[in-house]
Each structure stands twice: as C-alpha cells, then as structure tokens.
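Atoms within each ligand, like the ligands themselves, are counted from 1 in listed order.
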Amino acid sequence: MAYNITLIPGDGIGPEVIGAARKVIDASGVDISWEIVEAGAISNKNLGTPLPNYVINSIKKNKIALKGPVTTPIGEGFKSVNVTLRQNLNLFANIRPIKSYEGIESIHKNVDFVVVRENTEDLYTGIEHMVGEDAAESIKIITKDASERICRFAFELARREGRKKVTLVHKANIMKLSDGLFLRCGKEIAKEYTDIEFEDIIVDAMSMKLVQNPQNYDVIVAPNLYGDILSDLSAGLVGGLGLAPGANIGEDIAVFESVHGSAPDIAGKNIANPTSAILSGVMMLKYIGEERVAKKIENALAETLKDKGTIDLGGNLGTEEFAQEVIKNLK
Ligand code: NAD
C-alpha cells in the first residue's frame with residue numbers, strides 16, 4: 001500500500017537532512033508518495049505568511065508529516081512556525097527518545113529514556129505584552145485537561161514500550177498554582193497505573209541528576225518549557241543534537257521532526273548529521289505500522305554509526321555520504 005505523507009524540507013540544514021532521510025526511507029522498500037510543501041521564511045517572503053494554509057491542509061489530509069527545522073526570527077518577526085503548527089493541529093505530545101549508540105563518543109553509555117513534553121501551552125502560548133516601556137510580561141498557562149492528557153500519554157507510552165518508571169518534572173515549590181496543578185494531575189493519573197513506578201522532581205535538581213545518572217530514567221514527563229530544555233540537555237549526554245529524533249503527536253495527526261533547529265552555522269555545507277532526521281523517519285514508520293522497515297533502517301544506521309560518522313561525531317562523512325552508507329547497510 002502506498003502512503004501519502006507530507007514532507008516539509010524546512011530551511012537551514014533542513015533540506016539537507018530531510019533529503020538524506022527521504023533517500024534512506026525510499027531505499028528501504030516502503031512505498032511512500034511524498035507531498036512536498038514549503039513553510040518558513042521563504043513562504044513568508046513569497047506568500048506573506050510563514051505557514052500557508054495549504055501546508056496545514058496537506059497535513060490534515062495526509063495525517064502524517066516528516067518535517068525539517070524552520071528558523072524562527074529571535075525577538076521580532078513572525079511567530080514560530082513550529083509552535084503554531086503544534087497548536088493549530090493540537091499536536092499535544094512531543095516525544096523525544098534519548099538513546100546511546102555504540103561507536104559514538106559521548107558523556108554517558110547505556111542511556112535509553114524518552115522525554116514526553118507537553119506541546120500546546122505553558123509559556124509557549126506566546127501571550128506576552130509590555131507593561132510600560134521597561135517591563136514585559138509573559139503568561140504561563142497550565143490547564144487540568146492538557147496536564148492530565150500528557151501525563152496519561154506518558155504512562156501509556158511506558159506501558160506500550162515496557163518501561164518501568166515515569167518521572168514528572170516541575171517547579172511547584174515556586175509556581176505553586178501552575179506547576180502545582182501539573183504535579184497534582186500527574187499524581188492523580190499515576191493512581192490509574194499502579195504497575196508503573198512514579199516519582200516527581202524539581203527541574204533544577206533534575207538537570208543535575210540527568211547529567212550525573214541518566215541511566216536512572218525511563219520516561220520523563222514535563223510541561224513545555226522544561227521538556228524543551230531537558231531534551232536538548234539529554235541529547236548532549238548521548239552525542240549531541242544530530243542524534244536526537246522527535247515526534248509531535250495529536251489525536252489522529254502526527255508530525256515527525258528532529259529535536260535540533262535549522263543550524264544556520266553549518267547550513268549548505270553538506271556537514272550536518274542526518275541521523276536525527278533519519279531516526280524521526282524511523283519513528284514515523286513505526287507509527288504507521290511499518291515496524292519491520294523501521295527496524296531495518298535503525299539497524300543499518302546503528303551499523304553505520306559504529307565505525308563511520310559525520311563531523312560532529314568526529315568522523316569525516318558528509319550528510320549525503322553518510323546517507324549512502326546507511327543505504328548500503330540496509331538488509
Ligand atoms: P540548532 O539546534 O539549530 O543548533 C544548535 C547547535 O547544534 C549548532 O551549533 C548546530 O550547528 C548544532 N547542530 C544542530 N543540528 C545539527 C546536526 N543535525 N548535525 C550537526 N550539528 C547540529 O539551534 P539554534 O542555533 O539555537 O537554532 C537555529 C534556528 O532553529 C532558530 O531559528 C530556532 O528558532 C530554530 N529551531 C527550530 C526548530 C524546529 O524547527 N523544530 C527547533 C529548534 C530550533
């Protein structure tokens with residue numbers, strides 16, 4: 001059966017890493033008809049919006065998208081395409097698996113956990129305003145519905161993947177109402193999953209513990225901002241952003257994308273690591289039920305990473321050459 005899937009190349013290193021991921025997926029034998037759509041600065045210039053309706057409509061129609069990173073202007077300009085997409089399509093769960101691979105030089109070995117980040121609210125609602133000229137306010141929104149939904153999602157993921165523990169991250173000692181609500185919701189949901197251990201921890205302590213003993217964690221659930229920061233930190237523990245895939249999951253729509261951004265410092269040089277984009281593709285294939293093909297790509301990737309890598313991993317392969325090595329290892 002052919003799958004119709006939306007492909008958003010993005011900008012910066014996006015077209016390079018997504019191009020590499022597409023080649024690997026196409027070579028794996030799965031039959032995908034890609035619908036390619038553009039978002040970001042180019043659309044903003046040409047069409048007056050960074051996220052044209054046809055992009056949203058394509059994803060709504062196909063239900064699945066593989067997306068490259070999109071640059072967000074800092075401190076001015078248009079609102080983040082990524083955040084808008086997640087909010088518009090109600091992609092409430094952001095899943096970021098963190099895993100160490102053999103052959104990769106990293107601070108830690110034997111790491112295997114998943115960060116489940118709430119994706120629709122917290123400080124990312126973008127509700128902020130100036131108070132006079134010299135002060136600014138951002139509104140942090142935490143609701144019972146969204147908190148319960150993401151905590152339930154984390155426990156369900158733990159069960160599905162045979163994981164043993166869910167760790168909820170918060171700062172409820174200071175933000176007693178907002179983070180307090182998130183924590184209360186987590187504790188309530190935990191009562192429905194007595195087969196899975198539950199603990200909660202304050203985000204600053206968690207940052208230290210993750211750096212010291214990441215092997216202690218299995219599933220981490222967090223509000224939007226802490227989830228964002230901890231997932232980059234976690235990627236750093238196992239070899240960097242070039243290795244960390246991600247998925248934005250809603251009720252019946254899912255958008256798969258790397259944790260990293262558009263990396264303008266290395267764009268257009270054929271040196272970006274496409275592993276996170278390829279692994280996002282692997283997550284996508286698992287999601288649509290193509291487990292066997294997903295495993296095949298994952299094995300080929302692990303084989304390639306064992307003795308060959310891109311520059312960020314101390315190797316000397318270019319983005320394109322790395323993808324070709326993975327394709328050679330597909331069996
Ligand atoms: P970044 O993740 O793009 O880059 C951080 C560092 O990691 C850079 O040194 C970069 O070279 C390196 N890096 C990232 N991906 C890599 C890869 N695949 N291979 C090798 N090295 C890699 O973060 P940034 O520089 O803070 O952000 C750049 C832009 O990306 C910003 O406009 C930001 O808003 C946007 N962004 C987009 C997304 C998304 O589209 N989902 C996510 C994060 C950031």
Paired with E199, the salt bridge (Lys or Arg N to Asp or Glu O under 4.0 Å) test is passed by just one of K164, K165, K187, namely K165
Side chains of N270 and E321 only: does a donor on one sit below 3.5 Å from an acceptor on the other?
yes
Would you call D204 and K209 a salt bridge, using N to O less than 4.0 angstrom?
no
Is N273 touching ligand 1 with its side chain, its backbone, both, or neither, if touching means heavy atoms under 4.0 Å apart?
both
Minimum non-hydrogen distance to atom 22 (C) of ligand 1, winning option of I266, N248, N94
I266
Which atoms of ligand 1 are found less than 4.0 Å from any heavy atom of P69?
39 (C), 40 (O)
Where is the nearest protein heavy atom to atom 31 (C) of ligand 1: which residue, which atom, and how far?
T72 N, 4.0 Å
Considering only heavy atoms, does T275 approach ligand 1 within less than 4.0 Å through its side chain, its backbone, both, or neither?
neither
Numbered atoms of ligand 1 (with element) below 4.0 Å of D312, judged on heavy atoms
20 (C)
Who's the nearest protein heavy-atom neighbour of atom 16 (C) of ligand 1, and how far?
I13 CD1, 4.0 Å
Identify the closest protein heavy atom to atom 37 (C) of ligand 1: which residue and atom is it, and at what distance?
V70 O, 3.3 Å
For ligand 1, find out whether one of its N or O atoms is nearer than 3.5 Å to an N or O atom of S262.
yes
List the closest protein heavy-atom neighbour of atom 14 (C) of ligand 1: residue, atom name, distance to the nearest 0.1 Å.
H260 CB, 3.6 Å
In terms of ring plane angle, is the pair F113 and Y217 parallel, tilted or perpendicular, where the classes change at 30° and 60°?
perpendicular
for atom 41 (N) of ligand 1, nearest protein heavy atom and its distance come out as E257 OE1, 3.0 Å
I need the nearest protein heavy-atom contact for atom 8 (C) of ligand 1: residue, atom name and distance, please.
D265 OD2, 3.5 Å
Note: E35-K61 ion pair, threshold 4.0 Å (strictly below)
yes
Nearest protein heavy atom under 4.0 Å from atom 27 (O) of ligand 1, yes or no:
no
Would you say G242 and ligand 1 have an N/O pair spaced under 3.5 Å apart?
no
Quick one: which of G261, G68, S258 has a heavy atom closest to atom 43 (C) of ligand 1?
G261
Kindly confirm or rule out an N or O of T71 lying under 3.5 angstrom from an N or O of ligand 1.
no
Nearest non-hydrogen contact with atom 5 (C) of ligand 1 belongs to which option: I271, L241, L243, I311?
L241
Check: R117 and D228 side chains under 4.5 Å, non-hydrogen atoms:
yes
Applying a 4.0 Å heavy-atom criterion (strictly less than), which segment of P264 is in contact with ligand 1: side chain, backbone, both, or neither?
side chain
Indicate whether the side chain of W34 and that of N4 have a donor and an acceptor atom separated by less than 3.5 Å.
no
When you compare the side chains of N248 and K67, does any donor N or O come within less than 3.5 Å of an acceptor on the partner?
no
Any protein heavy atom < 4.0 Å from atom 12 (C) of ligand 1:
no
Which is closest to atom 39 (C) of ligand 1 in terms of heavy atoms, N82, L85, V83?
N82
Do V30 and L66 sit in the same hydrophobic cluster, where Ile, Leu, Val, Met, Phe, Trp and Tyr count as joined when their side-chain heavy atoms come under 4.5 Å apart?
yes
N or O pair under 3.5 Å between A263 and ligand 1
yes
Heavy-atom protein neighbour under 4.0 angstrom from atom 24 (P) of ligand 1
no
Side chains of S106 and S100 only: does a donor on one sit below 3.5 Å from an acceptor on the other?
no
Sorted by chain and number, sequence neighbours left out, salt bridge (charged side-chain N to carboxylate O under 4.0 Å, His left out) with E192 holds for R152
Does the side chain of T143 come under 3.5 Å of the side chain of E121 through a donor N or O and an acceptor N or O?
yes
ring-ring contact (aromatic ring centres under 6.0 Å, His included) contacts touching residues 243-294 (sequence neighbours left out):
F256-Y287
